[in-house]
**Student:** 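Take a look at the following structure, please.
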Amino acid sequence: MDKQNCYIDYLEWEVLDNKVVIQHLESQGNLYHFNDTYTITIFRDDDYKLRGILEGQDAINSDLLFPSISKGEMTFGETILGIGNDGFTYILQGMIIDTYNVMPNIDDLSRSSFKANLSIASITKSKKQVPQFNKVQYWYLCSKHDIPFPATTQRTNNPQFPKQRMGLDEECSIEKMFIPGGTYQTSRDYLPISLSDKQIIVLSKVPQLYLPQQANGLCIECRENFGGIPDDKEILAATELLSFVIGTQMTLVGISYYKDHDFLCQISISPSISNLQQKLQQVSDPPIDCHHYANYQTFISAIFTLMPQYLQKREVLQLNYALAHYWIAKDAPIGVNLPILSSALEAIASASLKDLTNDRQQSTYMPAKEYRNLIKDEVEKIKAKLEEKNGVYRQKILNKIDGAYNMGGNEKIDLLFDRFGIIIGPLEKEALKARNLMAHGTMKTLDYERYKEIIRKSYAYRTLFHRVILKILSYNGEYIDYYTYGYPSRNIDDPIPTE
């Protein structure tokens, strides 16, 4: 890897050295067992999944070939402890043998060779004695983007000050950092983000030389002196919003722990997303025009406005659930994505009606108990008539009558629009209806013209989803209209115009 002198690998990225050989393997469960000849070489494949090669000499090892799993039982893999040839302790979690090859030694069966391909959920690399950490960095892969970062990081070959965030680090001064005859480098690559009045995180760009060619990398840095280190739930929430605003899903691939600038521990994570390499080639599509340096103020303002609102409303309105469905819909085929986006809106709408602060709307036409008391005499008469008819579906009819006090999904979405002042136009109403065509199979033919129409309605629905999330989070700027040619920006209160 051709790196500049002032880059230190463990400070810049989750670096998994594929030359590390792990020895002295110890199973922490009862799935696999190894003798002293077995070693594991770890690496990432093209899809960034954690893989390994297990090699050893043994008699035909029944534990390795046929692990003790009952028929129909699900396994989450084995936990393996070992020592790497780099001196670090390694813990491999969720390790499963995929395929294997046994080469019997005719002269001595106890020295038969065994080689297997492994899948691994996570790999923890640490020193034998790990002191208390005061800095954590979360590492993410994402597709290409042009998000502008306004603040500067300075790197030097001074081991005392190898990487300083200008404006955040008190010791950040040229006099202290510069070594005569040494090297230093500066780059605009980070943005401090407030999670609360006292707590901040740092979103930063990962140097491209550490990344797959088709991808970008992002880092969320947390420190004790930034108001404390957030818990994993808060980091997840921040990641959800940042992914939405940037327009590309941030996929967690590692976490590193430090004492100041000293490396303590690293957790490498196998992405749960399938076809990550393909996803990384997708074009980012942010809801607002925040890419390119000319728009850096828009990006900063949006994050500062949206982050506290999202942290406050995330669970109450199930925004995390909705955004998870949004990314699923983005990967789904055109048309199939519409019911998925609709389910995301319906989840928000249902949560909004249950929100205790929403005291002017209700989730039913009238309370269930009041409704059933009101119609109980009529229901008994209808029930008797249906019994006389001996209809096959009489109970289903009665169930429909019994639940008639409930609102439908579309009506709940209308109430959501009303609560947050979301104005929708005729074109967006058509997009909402297009969901029914795909969900209920009422589209009898799908020729080229109908397919082209579904494509455009999908763009309109996705744009509407962007507007809904932004309005809920009290955004009052401009959004990108992905339906209209050229992707113009419009005021958040302006619906997509009809053609």
Side-chain angles (χ1 to χ4, degrees), residues 1 14-126 141 210-215 251-254 266-280:
M1 191 178 286
E14 174 272 347
V15 178
L16 187 67
D17 191 340
N18 58 12
K19 296 179 182 178
V20 171
V21 177
I22 303 173
Q23 303 168 317
H24 309 297
L25 306 179
E26 296 179 14
S27 295
Q28 304 302 295
N30 196 37
L31 192 58
Y32 305 121
H33 302 281
F34 313 101
N35 62 33
D36 290 340
T37 67
Y38 282 99
T39 63
I40 295 176
T41 304
I42 54 176
F43 62 94
R44 288 192 186 270
D45 64 14
D46 292 340
D47 219 27
Y48 232 69
K49 301 281 189 185
L50 291 171
R51 305 296 186 191
I53 301 293
L54 173 68
E55 295 179 283
Q57 291 185 340
D58 203 348
I60 304 302
N61 190 330
S62 60
D63 285 337
L64 289 173
L65 298 179
F66 308 106
S68 55
I69 302 173
S70 303
K71 185 177 180 179
E73 182 182 353
M74 181 179 290
T75 177
F76 295 99
E78 180 69 279
T79 298
I80 305 295
L81 181 67
I83 305 296
N85 57 359
D86 56 0
F88 287 96
T89 297
Y90 285 83
I91 302 174
L92 283 60
Q93 292 186 303
M95 192 203 84
I96 295 175
I97 292 178
D98 291 333
T99 60
Y100 59 84
N101 183 31
V102 179
M103 291 166 282
N105 186 324
I106 304 300
D107 298 327
D108 184 356
L109 287 177
S110 67
R111 298 184 62 188
S112 297
S113 297
F114 183 90
K115 186 173 183 179
N117 297 310
L118 309 176
S119 293
I120 305 167
S122 68
I123 299 174
T124 301
K125 169 186 174 181
S126 64
L141 281 175
Y210 289 98
L211 303 168
Q213 186 176 0
Q214 76 279 12
T251 301
L252 182 67
V253 296
Q266 171 182 293
I267 303 174
S268 299
I269 299 169
S270 192
S272 58
I273 296 175
S274 300
N275 301 319
L276 179 60
Q277 189 176 32
Q278 182 179 341
K279 284 180 64 70
L280 293 175

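Worth saying up front: this structure is predicted, and the values here are computed from it rather than measured.
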**Student:** Mind checking whether Phe114 and Tyr100 have parallel, tilted or perpendicular rings, split at 30° and 60°?
**Tutor:** parallel
**Student:** Distance-only, no hydrogens or angles: does the Asn101 side chain make a donor-acceptor pair with backbone N or O of Lys115 under 3.5 Å?
**Tutor:** no
**Student:** Work out which heavy atom in Ser274 is nearest to a heavy atom in Lys279; give both atom names and the distance.
**Tutor:** O-CD, 4.1 Å
**Student:** Under the criterion side-chain contact (heavy atoms from CB on, under 4.5 Å), I'd like the reasoning laid out for Asn117 against Ile53: C-alpha separation, chi angles, the key distance, then a yes or no.
**Tutor:** CA-CA 5 Å; Asn117 297 310; Ile53 301 293; 3.2 Å; yes
**Student:** On a heavy-atom basis, which atom in Tyr38 and which in Gly56 lie closest, and how many Å separate them?
**Tutor:** CD2-CA, 3.5 Å
**Student:** Determine whether Ser27 and Thr79 make a side-chain contact, defined as any pair of heavy atoms from C-beta on separated by less than 4.5 Å.
**Tutor:** no
**Student:** Check step by step if side-chain contact (heavy atoms from CB on, under 4.5 Å) holds for Val20 and Phe88.
**Tutor:** CA-CA 10 Å; Val20 171; Phe88 287 96; over 6 Å; no
**Student:** Do Tyr90 and Ile42 have side chains that approach each other closer than 4.5 Å (heavy atoms only, starting at C-beta)?
**Tutor:** yes
**Student:** Provide the closest heavy-atom pair for Pro104 versus Ser112 in the form atom of the first, atom of the second, distance.
**Tutor:** CA-OG, 3.4 Å
**Student:** Measure the spacing between CG of Leu118 and CG of Leu54 and express it to the nearest 0.5 Å.
**Tutor:** 5.5 Å
**Student:** Is the count of non-hydrogen atoms from other residues, nucleotides or ligands lying under 6.0 Å from Asp36 atom CG greater than 12?
**Tutor:** no
**Student:** Between Ile83 and Gln23, is a side-chain contact (heavy atoms from CB on, under 4.5 Å) present by the stated rule, with each step listed?
**Tutor:** CA-CA 5 Å; Ile83 305 296; Gln23 303 168 317; 5.7 Å; no
**Student:** Applying side-chain hydrogen bond (donor to acceptor under 3.5 Å, both in side chains), name anything that partners Ser119, two or more places apart in sequence or on another chain.
**Tutor:** Arg51, Asp98
**Student:** To the closest 0.5 Å, what do you measure between NE2 (His33) and CG (Leu25)?
**Tutor:** 13.0 Å
**Student:** From Phe43 CZ over to Ile120 CD1, what is the distance, rounded to the nearest 0.5 angstrom?
**Tutor:** 8.0 Å
**Student:** When rounded to the nearest 0.5 angstrom, what distance separates CD in Gln93 from CD1 in Ile123?
**Tutor:** 10.5 Å
**Student:** To the nearest 0.5 angstrom, please state how far the CG atom of Leu252 sits from the OG atom of Ser268.
**Tutor:** 10.5 Å
**Student:** Could you work out, with side-chain hydrogen bond (donor to acceptor under 3.5 Å, both in side chains) as the rule, every residue matching Arg44, not counting sequence neighbours?
**Tutor:** Glu14
**Student:** What closest approach, in Å, do Leu141 and Ala215 show between heavy atoms, and which atom pair accounts for it?
**Tutor:** CD2-CB, 4.2 Å
**Student:** Using a 3.5 Å distance criterion without hydrogens, assess whether the side chain of Asp58 forms a donor-acceptor pair with backbone atoms of Phe34.
**Tutor:** no
**Student:** Is the number of heavy atoms from other residues, nucleotides or ligands under 6.0 Å of Gln28 CD greater than 12?
**Tutor:** yes
**Student:** Distance from Leu280 atom CG to Ile273 atom CD1, nearest 0.5 Å?
**Tutor:** 8.5 Å
**Student:** Go through the steps to decide whether Ile96 and Tyr32 satisfy the test side-chain contact (heavy atoms from CB on, under 4.5 Å), and finish with yes or no.
**Tutor:** CA-CA 9 Å; Ile96 295 175; Tyr32 305 121; 4.1 Å; yes
**Student:** Please report the closest heavy-atom contact between Lys49 and Ser272, naming both atoms and the distance.
**Tutor:** NZ-C, 3.9 Å
**Student:** Over all heavy atoms of both residues, which pair between Ser122 and Leu50 is shortest? Give the atoms and the distance, please.
**Tutor:** CA-CD1, 3.7 Å
